[in-house]
Each structure stands twice: as C-alpha cells, then as structure tokens.
Amino acid sequence: MTVRVRFAPSPTGYLHIGGARTALYNYLYSKSVGGTFVLRIEDTDLERSKSEFEKLQIEDLQWMGIIHDEGPDKPNPKYGPYRQSERLEIYSKYAQELIAKGLAFYDFCTDEELEAMKEKATAEGRDSHYDGKWKHAEHFAEAQTRVAAGERAAIRFKAPHKDFILNDKVKGSVTYPDGMVGDFVIVRSNGVPVYNYCCVVDDMLMEITHVIRGEDHLSNTVRQLMIYEALGAKVPEFAHVSLLIGADRQKLSKRHGATSVNLYREEHYLPEAMCNYLTLLGWSHPTEKDIFDKSELKEVFSLERFSTSPAMYDLEKLKWVNGQHIKKMSNDDLIALVSKEPGSEFFNKQTPAWKNSAVEILKQQVHFLSDIIKMIDHLVLQDTLEMTDQLKDILSWETTPKIIDYIHSEVSKITTEYITEAELNGWMEFVKKEMGVKGKPLFMGVRATLTGQDHGPDLKILIPLTPVSIIKKRVAQLKK
RNA sequence: GGUCCCAUCGUCUAGCCCGGUCUAGGACAUCGCCUUUUCACGGCGGUAACAGGGGUUCGAAUCCCCUUGGGACUACCA
C-alpha cells in the first residue's frame with residue numbers, strides 16, 4: 001500500500017511557523033517511504049478564507065522546498081478537486097447517506113434554543129451536550145417535510161454512546177470516554193459543512209494513510225473517529241505532534257512576534273536552515289546530528305522519533321543554524337545570494353576574485369546573509385573613524401604616529417584602485433626593519449592606521465579588499 | 001468546570017518501550033582557557049536537569065499510583 005499524507009492549511013492568513021513544521025513532517029515522512037504528499041485547501045470558513053492566502057502559503061511552502069505531489073495546481077482526477085469549497089456536493093451526498101442511515105439528523109434549533117440548552121445544562125452541572133428534540137426518530141418525518149419545503153436546518157451527527165480508542169503513533173493509546181462529545185454539527189444551516197466532517201470525507205476519498213498534524217487536534221479526533229465508523233471507512237494512522245510554544249509556554253501565535261514564514265523569507269533566512277531548525281523542534285536525528293539538509297533525511301526520518309512534549313520556538317538557535325548553513329555553502333552559491341541582498345551595489349561591482357575572497361573570509365563569522373553586507377560596509381567602506389577607547393590607546397603608543405606618517409606617504413603614492421598584498425607586506429617589512437617596530441605595536445599600529453579599528457579579519461585579506469580612496473581618508477583623519 | 005495530553009540542564013533534546021553500562025550524553029546560550037601578535041572561526045573545559053511524594057524491585061530518569069504544574073480541546077473556527 002502506498003503511503004499518502006496530506007497538509008491541509010486554511011487560507012485564512014500567512015503560512016505559520018507551526019504549519020510549516022507540520023507540512024515539513026508530512027513531506028519528510030512521504031519522502032522517507034516513497035509516498036505521496038497531498039496539499040488540500042480547507043476553505044470552508046467562507047468569511048475568513050481568501051484565495052490570496054492560498055497562493056501565498058503555497059509560495060512559502062515552495063520557498064522551503066516543501067513541494068507537494070498533488071494539489072489544486074497538480075490535480076489527480078482520481079482524488080480531486082483539492083479545495084473543500086469545490087467539494088460541497090460530495091459532502092452533501094455523504095451527509096444525506098448518514099441521515100438515511102439514521103446516523104445524523106436535521107436540526108432546526110435556533111441559536112437561542114441552543115443557548116438555553118447550554119445554560120440549563122451548566123446550571124444542572126451536566127456537560128452541555130445537544131438535547132434538542134430533533135435527534136429523536138419520531139421527528140424525522142417532520143424534519144424531512146420542512147427541509148423539502150425549503151426550510152434551512154443544520155445537520156447534526158449522532159454521537160454513538162461508547163468509548164473510542166485511538167492508537168496514536170506519537171501519543172500511544174488515547175481513550176475517549178463515552179459522553180466526551182455530544183451530537184455535533186457536520187453541516188451548517190447555510191449548507192456549508194464543517195471541518196471535522198469534511199476532513200474525514202476527504203481523507204477517506206483521497207485515500208490518506210497517515211495523518212500527521214498538531215496535537216491541538218487530538219481532542220477533536222474522537223469526532224473524526226466517529227465519522228469514519230459511520231461512513232464505514234478505514235481509519236488512517238494518526239501521529240499527533242506536540243505543539244510549538246512561545247517563551248511564555250503558550251501555543252505559538254502572532255503575539256509571540258515573527259511567526260509567519262514569509263517574514264523569514266523576507267529577512268533572507270536560508271530555507272534549508274529554516275527546515276533544519278523546524279525539523280529539530282520535536283523530532284530528533286537518530287545520531288543526534290544537528291545540521292543537515294532535508295534531502296539527507298530520507299533514510300533516517302521516522303515517526304518513532306517525535307518528542308511528546310511541546311517545544312519552545314527559540315530564535316537564538318535558529319540564528320546559529322542559519323549561520324552553520326551559510327558556512328556550508330559554496331562561495332559561488334553564497335555570492336549569488338549576497339548579490340541580491342539590499343545594499344549590495346558595491347559588492348556587485350567587484351571582480352569575481354574580490355567577491356570570492358570577501359565571501360570566503362566573511363562567511364566564517366556571520367549568522368545572516370545581511371551580516372555580510374553589514375560587515376563589508378563596516379570593515380571595507382567605513383571612511384569616518386570612530387574614536388573608541390581602544391583606538392585612542394593604540395594612538396597613544398609612541399610608535400603609532402610614526403607608522404601613520406610612513407603609511408600616509410606610502411598610500412598617497414598609490415594610484416591603483418586597490419592595495420595589493422605585496423604592497424602591504426612591503427610596508428609591514430619597512431616598519432619592522434627600518435623603524436624597528438615589532439609585535440603588537442606593529443600589527444595593531446598598522447591595523448589601526450589602515451582600518452581605524454582595533455580588531456577585524458586578517459589584514460592581508462581585508463586590506464586588498466578595501467578601496468584605496470577609503471584608506472586614504474582614514475589615514476588622513478589619523479594624521480591630524 | 002469537564003475531558004484528554006504532557007513533565008530530563010535557561011532552551012532544543014538523547015536515554016524511557018526492552019529497569020543496572022546514567023557520578024544522566026549532545027547541541028544552542030553563557031563563563032573560562034588555548035589557538036589566531038586582533039576579532040571571528042576552531043579546539044578544550046566549566047556552570048547547569050531526571051517536578052514532588054509514594055510504591056514495585058537487590059536496583060528506577062526508566063514500570064505503577066497520587067499530588068503539583070503546564071498545555072490542548074470543550075463552536076453552525078480550522
């Protein structure tokens with residue numbers, strides 16, 4: 001039997017980090033067993049669903065490399081359509097079947113009646129389950145005639161009186177005691193079916209074999225179990241993955257800050273880093289490897305390695321993972337990405353050798369792509385000096401003014417755009433041999449003179465990357 | 001309130017199912033040292049956890065129960 005999994009977002013907003021993680025787990029599982037990954041759009045909430053969001057969410061998924069095998073844009077005639085709003089007749093057909101079998105019933109109760117029912121139940125200390133007259137068989141005929149006459153009614157499912165047991169791949173055996181849920185609505189009075197019902201009909205018809213989703217669905221799963229049974233459908237395997245939480249240990253939501261994938265895309269996080277980090281939030285690599293690409297997981301991904309407790313979404317570690325992925329990249333790939341960063345105009349004008357050298361030295365110490373541009377601005381293009389205490393200290397050494405004088409005259413002779421490493425070496429040699437300066441005063445003195453800073457990358461690489469015009473300005477300021 | 005789920009360093013986690021090899025391992029963060037005549041990278045090391053209480057057992061992070069704490073669900077939302 002081929003494995004079929006699905007990710008079923010509601011197009012009511014941007015793709016959420018938590019959603020991306022579930023999508024990723026489904027994707028990884030399907031790849032690990034050679035199954036099919038289906039994308040289904042759950043847009044039965046007419047008010048909140050917007051087609052733009054569907055498009056945006058798919059874009060975010062694609063950015064992360066979570067590519068679906070089937071979906072609205074890649075339909076398989078056997079299973080489509082893939083938008084619930086386009087499957088209304090299907091749901092209606094099965095709802096009629098359930099009514100015919102006496103497993104569901106039309107309900108004409110008004111909101112007020114329902115409210116009164118609830119209040120009465122709470123007053124009596126009972127669970128506030130549906131208690132209306134329409135569930136009883138003697139009213140079925142009346143209900144049919146009223147509906148035939150065009151009156152609107154919701155359709156409720158008759159919750160069977162028995163325990164349900166779910167063997168969850170992550171949670172293990174979960175028991176839902178009898179009476180946990182009452183007769184619930186499967187089709188609203190406006191004719192639109194609800195999630196718990198559509199989901200089952202779709203999973204059944206789309207032959208979904210494994211449902212991997214957030215733990216927030218765990219309690220509701222009993223409703224779905226009931227419907228599977230009523231429909232006579234085979235129950236898929238369920239894997240309820242623990243939730244992502246914020247620093248306050250509450251379910252991750254907008255108020256925890258950047259929780260939409262598109263924000264990270266805009267900040268140019270590396271998609272592979274994002275996937276890497278998200279994978280590790282609730283799943284562990286069998287060899288405790290912590291930096292990897294999705295493609296390396298085919299052989300090792302399994303449902304057995306999920307953690308059962310919630311995981312806190314922590315930007316610090318994501319930052320580190322992103323940095324690790326930058327280090328892993330080839331210089332050419334990295335150059336291509338850096339060239340698209342805002343503020344990369346100067347970078348883009350440089351020779352391939354310059355870019356390669358710059359990227360090679362800078363990628364060692366950054367966490368984000370934008371850091372590379374920031375560092376170029378700071379290390380290479382900064383032409384006004386900031387008088388830090390450290391710089392003042394270096395300038396106070398008796399050898400430093402002599403170095404400045406010497407380099408000032410040497411630099412003014414340079415007519416090329418860049419200083420070569422050989423020229424720099426020559427200056428170092430001169431200061432060492434002819435001026436008798438060595439050790440820390442030599443290196444720090446030269447560094448301060450040329451960069452105006454007391455620390456930074458290796459001068460032999462940094463200085464040939466810095467335009468002479470910038471260096472001239474720096475030295476001139478120090479000479480005063 | 002009710003039902004269900006969860007509980008190892010500050011954080012992500014390994015170990016738990018199949019008790020002993022756990023004076024509890026790794027990673028992020030943090031601190032220190034080494035290396036780099038600077039910074040970073042890297043290397044080495046430190047601080048830091050089995051929520052509490054009862055059992056079962058020769059022996060429990062691992063099995064059972066209770067307590068406590070946290071979370072989810074409890075819609076004609078998904």
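Order of the sequence lines sets the chain letters (A, B, ...), proteins ahead of strands, with each chain counted from 1. These numbers come from the heavy atoms of this one structure, side chains and all, not from hydrogens, waters or symmetry mates.
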Open item on the list: Please tell me whether A/His367 and A/Asn322 have a donor and an acceptor in their side chains that are separated by less than 3.5 angstrom.
Closed with: no

- [ ] Using a heavy-atom cut-off of under 4.0 Å over every strand shown, decide if A/Arg249 touches base, sugar-phosphate, or nothing.
- [x] sugar-phosphate

Open item on the list: Please determine whether a side-chain nitrogen or oxygen atom of A/Ser284 lies at a distance below 4.0 Å from atom OP1 or OP2 of B/U13.
Closed with: no

- [ ] Please work out if A/Glu288 contacts a base, only the sugar-phosphate, or nothing of the nucleic acid, heavy-atom cut-off 4.0 Å.
- [x] base

Task: Watson-Crick or G-U wobble partner of B/A7, both distances under 3.5 Å - done: B/U68

Open item on the list: Does a side-chain N or O of A/Lys251 approach OP1 or OP2 of B/C73 to a distance below 4.0 Å, or not?
Closed with: yes

Task: Side-chain-base donor-acceptor pair under 3.5 Å for A/Asp216 and B/A78 - done: no

Task: Rounded interatomic separation in angstrom, taking CZ from A/Phe443 and C1' from B/U37 - done: 6 Å

Open item on the list: Does a side-chain N or O of A/Ser189 approach OP1 or OP2 of B/C76 to a distance below 4.0 Å, or not?
Closed with: no

TODO: Would you please indicate yes or no on a ring centroid separation below 6.0 angstrom for A/His68 and A/Phe7?
DONE: no

- [ ] Look at A/Thr175 and B/C4 and indicate whether a side-chain polar atom (N or O) is within less than 4.0 Å of OP1 or OP2.
- [x] no

Task: Counter-base of B/G45, judged by Watson-Crick or G-U geometry with both distances under 3.5 Å - done: B/C31

Task: Spacing of A/Gln324 atom CD relative to B/G42 atom C1', expressed in whole Å - done: 11 Å

Task: Nearest-nucleotide 5' precedence on RNA chain B, A/Pro457 against A/Ile245 - done: A/Ile245

TODO: Look at A/Arg213 and B/A72 and indicate whether a side-chain polar atom (N or O) is within less than 4.0 Å of OP1 or OP2.
DONE: no

TODO: Starting at atom CZ of A/Arg223, determine the distance to atom P of B/A78, rounded to an integer number of angstrom.
DONE: 12 Å

Open item on the list: Please determine whether a side-chain nitrogen or oxygen atom of A/Arg305 lies at a distance below 4.0 Å from atom OP1 or OP2 of B/G15.
Closed with: yes

Task: Pairing partner of B/U74 (Watson-Crick or G-U wobble, both distances under 3.5 Å) - done: B/G1

TODO: Using only side-chain N and O atoms of A/Arg48, determine if any of them is under 4.0 Å from OP1 or OP2 of B/C77.
DONE: no

- [ ] Have a look at A/Thr44 and say if it touches a base, only the backbone sugar-phosphate, or nothing, with a 4.0 Å heavy-atom cut-off.
- [x] sugar-phosphate

TODO: Using a heavy-atom cut-off of under 4.0 Å over every strand shown, decide if A/Lys440 touches base, sugar-phosphate, or nothing.
DONE: base

- [ ] Report the base-pairing partner of B/A40 (Watson-Crick or G-U wobble, both distances below 3.5 angstrom), or none.
- [x] none

- [ ] Could you say whether the aromatic ring of A/His285 and the base of B/G26 stack, counting only centre distances under 5.5 Å and plane angles under 30°?
- [x] no

Open item on the list: Between A/Glu52 and A/Lys55 (salt bridge meaning N to carboxylate O under 4.0 Å), is one present in this structure?
Closed with: no

Open item on the list: Please check this pair: side chain of A/Lys363 against backbone of A/Met329, looking for a donor-acceptor N/O pair closer than 3.5 Å.
Closed with: yes

- [ ] Would you classify A/Leu243 as touching base, sugar-phosphate or nothing, given that sugar-phosphate means primed atoms plus P, OP1 and OP2, and contacts are heavy atoms under 4.0 Å?
- [x] sugar-phosphate

